[in-house]
2 protein chains.
Amino acid sequence: MTRDNRQQVGKRDTRRATSYDVARLAGVSQSAVSRVFKTGASASQKMRERVLAAANEIGYRPNAIARGLITKRSNMIGVVISRMTNLYYPELLVQLTQSFSDRGIRVLLFTLEHESEIDVVLEHTLQYQVDGIVTAAILDSAQLDMLDAAGIPVVLYNRQAKDAQAAAVCCDQEEGEAWLVSRLIEAGHQRFAIISGPEDSTVSTQRTSGALRRLSEFGVNEVTVVAGDYSHESGFRGALEIQELLGALPDAVIAANDAMAIGCIDAAREVLGAQVPEAVSVVGFDGIGAAEYAAYQLTTVRQPVARMTHATVDMLLQRIENPEIGHEQRIFQGTPVRGRSARLTEDGGT
Amino acid sequence: MTRDNRQQVGKRDTRRATSYDVARLAGVSQSAVSRVFKTGASASQKMRERVLAAANEIGYRPNAIARGLITKRSNMIGVVISRMTNLYYPELLVQLTQSFSDRGIRVLLFTLEHESEIDVVLEHTLQYQVDGIVTAAILDSAQLDMLDAAGIPVVLYNRQAKDAQAAAVCCDQEEGEAWLVSRLIEAGHQRFAIISGPEDSTVSTQRTSGALRRLSEFGVNEVTVVAGDYSHESGFRGALEIQELLGALPDAVIAANDAMAIGCIDAAREVLGAQVPEAVSVVGFDGIGAAEYAAYQLTTVRQPVARMTHATVDMLLQRIENPEIGHEQRIFQGTPVRGRSARLTEDGGT
DNA sequence: GTTAGACTTGCATTCGTTTGCAACGAGTTT
DNA sequence: AAACTCGTTGCAAACGAATGCAAGTCTAAC
C-alpha cells in the first residue's frame, strides 16, 4: 500500500478521499457513508453526525462519476448549439444552464461550427452517458433513431425533425412572420425583400415561407429573397445584395433574425445612405438584447425564451423519468414588438 | 438473466451494450475489446476487424464514465462563467468549448448569477471529477487552496486571485486604458467620467484604476466615477447618472466595457440629446461584436480572445499533465481600435 | 418477560472499464 | 533443434459508490 502511494507521488500527490476512507475514520461501514450522503436514505442522527464530521475532516466529496456508473444516471444532459454567432443562442444557453442547474443537473456543452459535425458530437454525448439531450441543431431521422435505440431522450429546440417525430419546443415562426407582414402591409408597404437564414435551417425555412405565404395572401408575389447565415455580417451583405439586385431598396426588408436585421440597418444607413425606417422598414425576429439598443429599436417578434426554456427542461426531465412517454410539440407564440425600425400604423392591433 | 431483463422493461427497454457483449459476440476477451478501442494499444489487425464488426453490429460505445472511474481522468473540464449579460462571455465560451473539443476534452458549463454562488459550483465541479477548471469568476485564496488540495488545476481567465498566486491568462487592462486615456487627452479632452464595473470585479478595478492613474499622470484628478454592472442597461443608467451629478456631460466617458459604452451612447443620444462623439466621446473595452455595429463603431481595446483562449487551454492541459508545474501569468496586450465613438487626433501613434 | 415491529447497520455484489501480469505462439538466431 | 525474442491475448484485480438482503438494535405492547 505504502509502496503504491510512493509510485503515485509523481502523478498526483494526494489521492482523493473515498467513502471507505470516511468509513474507516468514522468507524462505520462504507455503505453507511453512502447512505448519509444520499438524501432520503435511512441513517440515524448519530451516524449522520459522525460521518459528516469525518467526511469534513478529510475533505470527502462523493464521486459523481462512480455514482453514475452504478445508478445509470449521470445527471448530466448534453446541450448542442450551432452557430453561436447568432446572438440568440447565448441568451438561451444561460437560461438553460441555470434552469437545469436548479434541478440538480449539469450541462455538458457542445458547440457546432458546421451542422455536419453533429454526428461526432452525438457520439460524444452518448459516450459520456448523458441522461438526455437538448439540441438547437437539426437531427435527421437516422440520428433520432440512433438516440432512441440508445434510450436517450431528446428535445429539439426550435427545430422540426425531418421526416420524423420528436419532442420539440418551438416558437411559432410562421405566426410571428404573419404578424410582421400584416403590420407592414397595413402601413402601406408594397415592395418587399427577405434576408433568409441558411438553407439547412428549418427555422429560417419556416420564417421565410411564413412571410412569403402571408405576403401572397395580400397579393404580393414578387419578393426578392437573399440568403444569409444569421450573422450580423451576413445581414449587412444581404442589404447590399438586395440593393444590387433591385437597383434600389424595397419598402421593407424582412430579416430572418435580429442580428441580420441590425446588419441590414447598418448597411442601409452607412453604405446606402438610406434612413431607417423612413426610407426602408426593417424587421427581424427573436427579440435579442441588441434589438433594444436605441440605435435600432427593432420591430420584431420576441421569443418567450424563459417559458420555452422551462418547457424544454420539463419535457426532457419528464422523458428521462419515463422514457415511454410519447412525442409532444409545444409551440409558443412570440411577443410582437412594435419598435421603431419599421413604419407601422398607430394602433395596429396585436 | 431473462427475468432480470423483464424487470427492467419499465425503466429502459434496451440495456446499453457493453464491452462484454461485444467480446462474446466476437468470441474474444473483454480486455481485447478494450484494447481495440484504446488508440495505441497492441491488437492485431484480425482482432481489430472482428471486434469493430461486432461492436458495430450491436451499437457498442465505450462508456466514458466507467473509463473515467478507472483512469482517474474524466476528460471533462469545468468552465465557470459569471454575468453572461456581458456580451464578451458568449464569444469566449464558444472559442473555449471549440478549443477544448479539438483536444478531445468536454466542457461542463456552470453559469453564475451572483459570484457568491461560486462555492456551490466548485463543489459540483469537484464531484464530477473534472480534470481542471477555467474560471471567469473570482476565487479567493481559500477556494484556491481547496482546489489545490483536491489536486485540480485552475486557470483564471482575466482574473487575479486575491492575496494568492494562481495560473492566469489576462488581458493587460491597465495598458489598454492607458492607451485610451492618452488618445483622449491628446485630442484635448479635459473633463472625464468613468462608468466602472461591479466592485467585486478585479477586471473593473484594474481598468478603472488604470484609467485614473493615467489621467492623473496628465494632471486630471477630478473624475466622476459611477458604478455599473457590465450590462448595457447599466451603461445607459450610468450616463444619466453622470449627467445628473455633473449637471452636464463631460468631454469623455470611459466605460469599463463595451456593453456599457454602447448603453452610454444610447442614453446620450436618445435621452440627453448629445451627439457622439461630437458632444461627448465614449470609449469601451473588450472589442465585442456589437462594438463594430455601424451605429456605434466603438473606440475600444479589443482583447485577443483567440490567443487568450489558446493560452488558457494550453496552460490548463499542461497543468493537468504535470500538476507540479508552478504558477504562471500570461498577460496579453489588447488591440487598440480607433473607432468613431471618440474624437481622436488623426495620427495618434499605436 | 416475551415478542412483534420499525429502524439501523453491515456484508457482499454490481456497474463497465483499464491494465499489470503471465501465457502463448510465431519467427529469428545460434 | 534449442533458445530467445517480441507482439498478442486472456485473466483477474482494481476504480468508488449504490443497494438488496439479512442481522442487529431498540422500543412498545402484550
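Quantities reported herein were computed from a predicted structural model and do not represent experimental measurements. Proteins get letters first, then strands, A, B, ... in listed order; numbering begins at 1 in each.
Side-chain proximity of B:R67 to D:dA17, C:dT18, C:dG16: nearest is C:dT18.
Per the geometry, CE belonging to A:M47 stands 18 Å off P belonging to D:dG24, to the nearest Å. In this structure, CD1 of B:I65 is placed 13 Å from C1' of D:dA17, rounded to the nearest angstrom. Atom-to-atom, CZ of B:R24 to P of C:dG16 comes out at 11 Å; the value is rounded to the nearest Å. For the pair B:R16 CZ and C:dT17 P, the computed distance is 10 Å after rounding to whole Å. We find that CD of A:Q45 is positioned 17 Å from C1' of D:dC26, with the value rounded to whole Å. Atom CG in A:L69 sits roughly 9 Å away from atom C1' in D:dC15 (whole-Å rounding). If you take CZ of A:R73 and C1' of D:dA17, they are 17 Å apart, rounded to a whole angstrom. Put simply, NZ on A:K46 is 17 Å from P on C:dC7, counting in whole angstrom units.
Each of A:S44 and B:Y20 was matched to the nucleotide of DNA chain C holding its nearest heavy atom; the match closer to the 5' end belongs to A:S44.
No engagement by A:V33 is indicated, since no non-hydrogen atom pair under 4.0 Å with the nucleic acid exists. Using a 4.0 Å heavy-atom distance criterion, A:F37 is classed as making no nucleic acid contact.
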Between protein and nucleotides 19-21 of chain C, what N or O pairs are separated by less than 3.5 Å?
from	atom 1	to	atom 2	distance (Å)
C:dT19	OP2	B:K38	NZ	2.4

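The shortest distance between the side-chain N/O atoms of A:K72 and the OP1/OP2 oxygens of C:dG16 is below 4.0 Å. Within the structure, every side-chain polar atom (N or O) of A:S29 is placed at least 4.0 Å from both OP1 and OP2 of C:dT9. OP1 or OP2 of C:dG16 has not a single side-chain nitrogen or oxygen of B:T18 nearer than 4.0 Å.
Of the charged side-chain nitrogens involved, none lies within less than 4.0 Å of a carboxylate oxygen, so that A:D131 and A:R319 do not count as a salt-bridged pair.
Between the B:S101 side chain and the B:Q98 main chain, no donor and acceptor come within less than 3.5 Å of each other.
Ring geometry for A:H124 versus A:F110: interplanar angle under 30°, hence parallel rather than tilted (30 to 60°).
What you find for A:S74 and B:Y128 is that their closest heavy atoms are O-OH, 3.0 Å.
In this view, B:I70 satisfies the side chain to side chain contact (heavy atoms under 4.5 Å, CB included) rule with no residue, not counting sequence neighbours.
Residues A:Q129 and B:R16 are in side-chain contact: their nearest non-hydrogen atoms beyond the backbone lie under 4.5 Å apart. In this structure, the side chains of B:Y157 and B:I81 stay at 4.5 Å or more apart for every pair of heavy atoms.
In the model, A:Q160 has no side-chain atom that pairs as donor or acceptor with a side-chain atom of A:T202 under 3.5 Å. Checking A:Q143 against A:D119 by side-chain atom types alone, a donor-acceptor pair falls below 3.5 Å.
Tested against B:I133, the residues B:L147, B:L139, B:I77 include a single side chain to side chain contact (heavy atoms under 4.5 Å, CB included) partner, B:L147.
Heavy-atom distances under 4.0 Å link DNA chain D to A:Y60, A:R61, A:P62, A:N63 of residues 52-63 of chain A, given in residue order.
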